[in-house]
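Before any comments, here is the structure.
All values reported here derive from a predicted model rather than from experimental measurement.
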2 protein chains.
Amino acid sequence: MLGTPSSDRIAKRREATRREILDAAWAVAREQGLGALTLREVAVRVGMRPPSLYSHFESKDAIYDAMYGQAWQIFHDQVKDRVLPKEPRAALLEIAETFFDFAVADLARFQLMNQRSVPDFVPSKESYAMAVEVLDRLRRDLAAFGVTDESDVDLFTALTGGFVDQQLANDPGGTRWRRQLPRLIDMYVKEVKPRRRR
Amino acid sequence: MLGTPSSDRIAKRREATRREILDAAWAVAREQGLGALTLREVAVRVGMRPPSLYSHFESKDAIYDAMYGQAWQIFHDQVKDRVLPKEPRAALLEIAETFFDFAVADLARFQLMNQRSVPDFVPSKESYAMAVEVLDRLRRDLAAFGVTDESDVDLFTALTGGFVDQQLANDPGGTRWRRQLPRLIDMYVKEVKPRRRR
DNA sequence: GTCTATAGTTTGATAGAC
DNA sequence: GTCTATCAAACTATAGAC
């Protein structure tokens with residue numbers, strides 16, 4: 001006698017399929033551009049017929065939304081347990097480089113996360129929460145070095161974000177801006193004068 | 001007896017229609033997003049049927065291309081005759097603010113000019129030339145203050161571009177980053193040490 | 001140069017059998 | 001949960017009359 005699959009097992013399978021779909025969606029977005037994403041292409045890659053996607057996502061927008069949340073989730077997982085150096089310059093450089101490398105690795109992902117590239121797309125509350133989580137984490141990291149002014153945090157995000165933009169737009173795959181990150185952090189440290197972490 | 005319109009007059013009329021179409025295209029892009037631009041919507045606004053657009057542009061891509069070139073052209077016109085202060089700090093601030101204000105005034109335009117927002121769109125040689133022109137102009141402007149290292153120029157574009165990005169993405173219509181531009185220029189001046197213009 | 005007509009795709013999404 | 005069948009709509013682009 002065979003038992004029926006436990007509901008736990010079913011849920012796991014469902015989740016796995018969802019992830020397969022998202023993986024395919026990311027692949028398409030990377031290869032053809034975020035705005036060129038189509039349900040057909042995604043379905044083909046997963047080995048499904050397009051209508052079957054609707055068993056897992058209620059619309060194309062829901063896929064964009066899941067991608068958005070997933071991207072921020074992945075980055076959050078990557079930074080949430082890191083231990084930063086006590087010395088401000090080294091720590092801030094690590095923060096900047098981690099974000100830079102993550103962002104530069106995938107233009108489509110960066111466009112979805114940080115630019116308003118998909119017309120009418122607005123992340124759901126749940127997905128947006130992940131982005132907020134990451135920014136809060138950055139705020140706490142900076143605060144540990146005495147950087148608490150909102151203007152100082154804004155300065156930091158603008159500086160690192162600007163480097164990412166230039167790298168992606170004008171030297172994709174290269175290091176023209178990446179290699180200037182240490183210099184950037186030096187500038188920032190001189191300006192904001194963070195103190196050594198306690 | 002009526003004469004026939006001079007070929008000069010005909011050319012003027014053609015050019016005017018082209019501009020009308022581009023104006024409509026910009027309006028759609030601003031209102032609905034750059035990626036949501038459709039020939040139908042553009043035609044409706046101009047008061048034409050969609051196929052008529054093909055008398056003026058050979059494809060949708062050609063419209064994107066003309067928009068791209070036009071945007072850089074407009075910005076170039078805006079800066080080509082300006083006389084900068086001799087004092088480095090004031091001059092660099094003016095350069096940064098001019099670019100910032102222009103970019104922040106229109107998200108769709110900024111996306112077309114500086115981000116890779118439209119899948120597969122590659123500007124034609126002629127349109128791209130306008131962008132190069134502007135960058136050359138910036139190089140000459142900076143050179144007048146002794147800023148000639150490519151890395152210093154790259155730093156400047158990344159800093160100002162980053163501010164634009166943050167302003168558009170996280171405080172559209174506001175001044176959260178705009179008001180920190182003087183501070184940014186102070187940082188840059190300390191780092192690069194431009195000399196007074198001769 | 002603008003129109004009508006229409007081709008030829010592609011798209012996101014639904015209905016209902018299995 | 002996946003399929004087939006299908007839809008309705010939108011799209012870019014072309015042909016040819018006026």
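Rounded to an integer number of Å, the gap from CD1 of B/Ile63 to C1' of D/dC11 is 13 Å. As a whole-Å value, the separation of B/Asp61 CG from D/dC11 P is 17 Å. Taking atom NZ of residue A/Lys60 and atom P of nucleotide D/dA9, one finds them 19 Å apart after rounding to whole Å. In this structure, A/Tyr54 places its OH atom 14 Å from C1' of D/dT6, rounding to the nearest Å. For the pair B/Leu39 CG and D/dA9 P, the computed distance is 20 Å after rounding to whole Å.
Under the ring pair (Phe, Tyr, Trp, His ring centres under 6.0 Å) test applied with B/Phe75, the options B/Tyr68, B/Phe110, B/Phe102 reduce to a single match, B/Phe102.
Within the nucleic acid shown, A/Leu37 comes within 4.0 Å of sugar-phosphate atoms alone, with no base atom in reach, counting heavy atoms only. Contact annotation for B/Ser55: base contact, defined as any heavy-atom pair under 4.0 Å involving a base atom. If you check every strand for non-hydrogen atoms under 4.0 Å, A/Arg40 touches a base. Residue A/Pro51 is in base contact, counting any heavy-atom pair closer than 4.0 Å across all strands shown.
If you check the side chains of A/Ser55 and A/Ser52, you find no donor sitting under 3.5 Å from an acceptor.
Taking the 5' to 3' direction, DNA chain C first and last meets chain B under 4.0 angstrom from a heavy atom at C/dG1 to C/dA5.
Ion pair B/Arg178/B/Glu97 flagged as a salt bridge, since at least one NZ, NE, NH1 or NH2 atom sits closer than 4.0 Å to an Asp/Glu carboxylate oxygen. Taking a cutoff of 4.0 Å between a charged side-chain nitrogen and a carboxylate oxygen, B/Arg13 and B/Glu20 qualify as a salt bridge.
Using a 4.5 Å heavy-atom cutoff, the side chains of A/Arg196 and A/Phe145 are not in contact.
Ring centers of B/Phe100 and B/Phe163: at least 6.0 Å apart, outside the cut-off.
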